[in-house]
2 protein chains.
Amino acid sequence: MNSGSHHDKAVQLIKECGASATAARVQVLQLLLATNTTASHQALMQAATNEAQPLDKVTLYRVLDWLVVRGLAHSVTGQDRVRRFGVAHVHHGHAHFECDACGRLFCLADCPSTQPRTPPGFEARHIDVTVHGRCAECLQASA
Amino acid sequence: MNSGSHHDKAVQLIKECGASATAARVQVLQLLLATNTTASHQALMQAATNEAQPLDKVTLYRVLDWLVVRGLAHSVTGQDRVRRFGVAHVHHGHAHFECDACGRLFCLADCPSTQPRTPPGFEARHIDVTVHGRCAECLQASA
DNA sequence: GCCCGAATGCAACTTGGTTGCATTCGGGCC
DNA sequence: GGCCCGAATGCAACCAAGTTGCATTCGGGC
C-alpha cells in the first residue's frame, strides 16, 4: 500500500474543493483511499489509532459528513445498522455487495439494472442495488 | 380498516406455525397487517399505546424477531438506520421504495432486475433493489 | 391443583451517532 | 510580525435503537 501517494492524492482532492486540507481530513480521506471496500466509522477509528494518529470520534463523524457533502465520499447503511464509507467514484447504476457474514460492503462495477415500476404519484430519484451473499474471505473461512 | 378480520387473520397465521397465539404476537401481527407499507419499532409501540394495549419494547423486539424467523414478517433497514417491518409475502426480485423525506419503505411489485457480476470468489445469495425518491404523500406535502 | 417451559416485563447496559461548548488552528489583514 | 475571526477540533454529556440478564407470569399437560 503506497500511503505516500494516497496522502498526496487526498490533499489534492480536498484542495480541489477549495477547502483547506486539515490534518483530520487528509488522514480520513487517505484511509478511505487505502481501502478498496468500504470502512465503518469504527474501523476508521481503529486504523487511525494504529497509525499513532488517533482522532476524536466526533471529528471523524464530522469529517465523514463533510466528505460526503463535498462528494468525495459516499456512505451506505448495511443490514447491521452500521454506516460504511468509501471514496466516491462517478458511477451510475452503482451496485454494492454486502457480505452477510462479516457485514462488509464492496462496490461492484456498474450494472445495467432496469428500474422497477413505482406506484402512481411516487417520484423515483435513484435506484440502489445490493447483492447479498458471502465475500470470498468469509467463504474461505467457513470452508 | 377492518381490525376484526385482521385480528382473526393474525391468530390464524400464528396458529399455522404451530405456536400459541399470545396476546403480544397477535397484537403485533395485527398491526402489521393493518399497514400497507412497513412500520418501525417506534411506530408499532406508538400504535399499541394508542390502542390502550401498550406493550413492552423488549417484548416487541422479541415478537418481531420471532415473526421474522417464522417467516411471517420481514425487516428492512433504511438509510436512517431504523429497521422497519412488514408482513411477508412470497416474493422474488422483491423491490422496495424508500422515501428520502419521511423514511418510510413501501413494497414494490416484483421487478425483472438483472444480477450484476460479482467479483470472483464471491457467492451471491439474493439481490436487493431499493428505489429512492419521494412518496406521493411527501411530494404533495412539499408542493 | 401442580408443574414446567415458554412468554413477558423490567432494568441495566451497549453501540452508533449527535449536540453544546470551550479551545485551537490557520489564513487574511493591518 | 502581530491581530482577528471564522472554521475545525476535542471533550463531555447526551440520545435513540437495540440487547442481555433475570425474575415473574402465563398457559397447557398431568
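Letters A, B, ... mirror the listed sequences (proteins, then strands); counts begin at 1. All heavy atoms count here, side chains included; hydrogens, waters and symmetry mates do not.
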Taking atom [atom2] of [N] as reference, at what distance in whole Å does atom [atom1] of [X] sit?
X	N	atom1	atom2	value
A:Leu60	D:dC11	CG	C1'	15 Å
B:Arg81	D:dT19	CZ	P	12 Å
B:Leu55	C:dA7	CG	P	16 Å
A:Asp65	D:dA8	CG	P	13 Å
B:His41	D:dC15	NE2	P	19 Å
B:Met45	D:dA16	CE	P	13 Å
A:Arg25	D:dA7	CZ	C1'	8 Å
B:Gln79	C:dG17	CD	C1'	15 Å

| field | All pairs passing ring pair (Phe, Tyr, Trp, His ring centres under 6.0 Å) where residues 14-52 of chain A contributes a residue, at least two apart | value | A:His41-A:Tyr61
| Counterpart residues, side-chain hydrogen bond (donor to acceptor under 3.5 Å, both in side chains), relative to B:Arg134 (two or more places apart) | none
| task | Could you check B:Ala24 against A:Lys57 and say which one's nearest nucleotide on DNA chain C is further toward the 5' end? | result | B:Ala24
| Terminal axis angle for the helix from C:dG1-D:dC30 to C:dC30-D:dG1, five pairs an end, nearest 10 degrees | 10°
| Does a side-chain N or O from A:Gln42 land closer than 4.0 Å to OP1 or OP2 of C:dG16, or not? |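 Yes, such a contact exists.
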Of the nucleotides [options], which has the atom closest to the [X] side chain?
X	options	result
A:Val82	C:dT18, D:dT19, C:dG16	C:dG16
A:Tyr61	C:dG16, C:dC10, D:dA8	C:dG16
B:Thr59	C:dG9, C:dA7, C:dG16	C:dG9
B:Arg62	C:dG17, C:dT19, C:dG9	C:dG9
A:Val58	D:dG18, D:dA12, C:dT8	D:dA12

Are any of the side-chain heavy atoms of [X] and [Y] separated by less than 4.5 Å?
X	Y	value
B:Phe106	A:Pro119	no
B:Val87	B:Leu13	no
B:Gln30	B:Leu33	no
A:Val28	A:Leu55	yes

All N/O pairs under 3.5 Å across the protein-nucleotides 26-30 of chain D interface:
none

| said: Over 60° means perpendicular and under 30° means parallel, so tell me whether B:Phe122 and A:Phe97 are parallel, tilted or perpendicular. | reply: perpendicular
| request: Scan side-chain atoms only and decide if A:Gln12 and A:Asp8 contain a donor-acceptor pair under the 3.5 Å cut-off. | output: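 Their side chains do not contain a donor-acceptor pair, so the 3.5 Å distance test is not met.
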| task | Please list all pairs passing the salt bridge (charged side-chain N to carboxylate O under 4.0 Å, His left out) test where one or both residues lie in residues 19-43 of chain A, with sequence neighbours left out. | result | none
| task | With sequence neighbours excluded, give me every salt bridge (charged side-chain N to carboxylate O under 4.0 Å, His left out) pair touching residues 70-88 of chain A. | result |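 Every salt bridge (charged side-chain N to carboxylate O under 4.0 Å, His left out) pair that includes a residue of residues 70-88 of chain A, provided the two are not neighbours, is A:Asp80-A:Arg84.
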